**Q** 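Please read through the structure below; I'll follow up with questions.
In this chain, residues are counted from 1 in sequence order. None of these values were measured; they are calculated from a predicted model. The figures that follow rest on heavy atoms only: side chains count, while hydrogens, waters and symmetry mates do not.
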Amino acid sequence: MTTEVRRADGRYEIVVDGVVAGFTEAREHEGVVTMPHTVIEDAYEGQGLAGQLVQAALDDIRRRGELVHPFCPYVSRWIQKHPDYRDLVDDPTRFGL
C-alpha cells in the first residue's frame, strides 16, 4: 500500500494506491488555515490514515509559516495528543488546547 498526501483545492487529500481515501478541509485566509472537517472513506477506516493526513497537512502548514484554527474535532484531538504541534494553533485557549 502506498500513500501520499497532497494539497488540493481547499483541502489536503490522502491518496492510497492512486485512490483518494480521505481529506481534511483547509481554508486559507490571511496566514491562518481553518480546518473544519476531516473525512476518511469507509473502506479505509481503521488504518491510521486520518493521523497521517493531519500530520502531513500540519507539517505543510508549518513549512509555509501559517497558523491553524482546528475546528474539526479530530484535528483538535490530534493536536492535543501531539503537543509539539500546539504552537501552530492561533489562540490555543479558544480551541481548548
Side-chain angles (χ1 to χ4, degrees):
M1 175 171 81
T2 62
T3 61
E4 168 195 4
V5 175
R6 63 186 180 202
R7 197 165 127 213
D9 187 35
R11 67 189 197 173
Y12 287 87
E13 299 173 335
I14 188 159
V15 179
V16 177
D17 297 330
V19 177
V20 176
F23 64 90
T24 187
E25 292 180 32
R27 302 176 189 149
E28 300 174 40
H29 182 71
E30 297 181 1
V32 178
V33 179
T34 299
M35 301 177 82
H37 190 61
T38 301
V39 173
I40 297 295
E41 298 297 333
D42 291 344
Y44 296 96
E45 286 185 1
Q47 299 178 34
L49 297 176
Q52 290 178 39
L53 171 61
V54 168
Q55 182 173 6
L58 293 174
D59 286 345
D60 183 62
I61 290 165
R62 183 187 306 277
R63 273 191 297 277
R64 294 189 356 248
E66 296 178 315
L67 296 174
V68 175
H69 283 167
F71 286 104
C72 171
Y74 183 85
V75 174
S76 183
R77 282 192 310 273
W78 194 92
I79 292 170
Q80 285 176 339
K81 291 179 183 178
H82 301 88
D84 48 323
Y85 285 83
R86 187 172 185 244
D87 65 309
L88 290 175
V89 180
D90 183 42
D91 191 7
T93 56
R94 177 180 179 190
F95 298 98
L97 300 171

**Q** Could you tell me which residues satisfy side-chain hydrogen bond (donor to acceptor under 3.5 Å, both in side chains) with Arg6, sequence neighbours excluded, listed by chain and number?
**A** Glu13
**Q** Taking side chain as C-beta onward, heavy atoms only, is Val75 less than 4.5 Å from Phe95?
**A** no
**Q** By side-chain contact (heavy atoms from CB on, under 4.5 Å), which residues pair with Asp91, not counting sequence neighbours?
**A** Thr93, Arg94
**Q** Restricting to pairs with a member in residues 46-58, which pass salt bridge (charged side-chain N to carboxylate O under 4.0 Å, His left out), not counting sequence neighbours?
**A** none
**Q** Taking Phe71 as the starting point, is it possible to reach Met35 by hopping between hydrophobic residues whose side chains are less than 4.5 Å apart?
**A** yes
**Q** Answer whether the closest heavy-atom distance between the side chains of Ile40 and Ile14 falls below 4.5 Å.
**A** yes
**Q** For residues 32-44, pull every pair meeting side chain to side chain donor-acceptor pair (under 3.5 Å), keeping only residues two or more places apart or in separate chains.
**A** Thr24-Thr38
**Q** Hydrophobic clustering (ILVMFWY, side-chain heavy atoms < 4.5 Å, transitive) - are Leu88 and Ile79 grouped together?
**A** yes
**Q** If a pair satisfies side chain to side chain donor-acceptor pair (under 3.5 Å) and one of its residues is in residues 67-77, list it, with sequence neighbours excluded.
**A** His69-Asp90
**Q** For the residue pair Pro70 and Val68, what are the closest heavy atoms and their distance?
**A** CD-O, 3.5 Å
**Q** To the nearest 0.5 Å, what is the distance between CG (Leu97) and CG (Asp87)?
**A** 11.5 Å
**Q** Please list, chain by chain and in numerical order, all residues satisfying side-chain contact (heavy atoms from CB on, under 4.5 Å) with Asp17, sequence neighbours excluded.
**A** Met1, Thr2
**Q** Linking I/L/V/M/F/W/Y whenever their side-chain heavy atoms sit closer than 4.5 Å, directly or via other members, would Val5 and Phe23 fall into one cluster?
**A** no
**Q** Enumerate donor-acceptor pairs with a distance under 3.5 Å from any side-chain N or O in residues 45-59 to protein atoms, sequence neighbours excluded.
**A**
residue: Gln52; atom: OE1; partner: Thr3; partner atom: OG1; Å: 3.4
residue: Gln55; atom: NE2; partner: Tyr85; partner atom: OH; Å: 3.2
residue: Asp59; atom: OD1; partner: Tyr85; partner atom: OH; Å: 2.7

**Q** Who are the salt bridge (charged side-chain N to carboxylate O under 4.0 Å, His left out) partners of Arg64, not counting sequence neighbours?
**A** Glu28, Asp60, Glu66
**Q** Looking at residues at least two apart in the chain, or sitting in another chain, which of them share a salt bridge (charged side-chain N to carboxylate O under 4.0 Å, His left out) with Glu25?
**A** Arg27
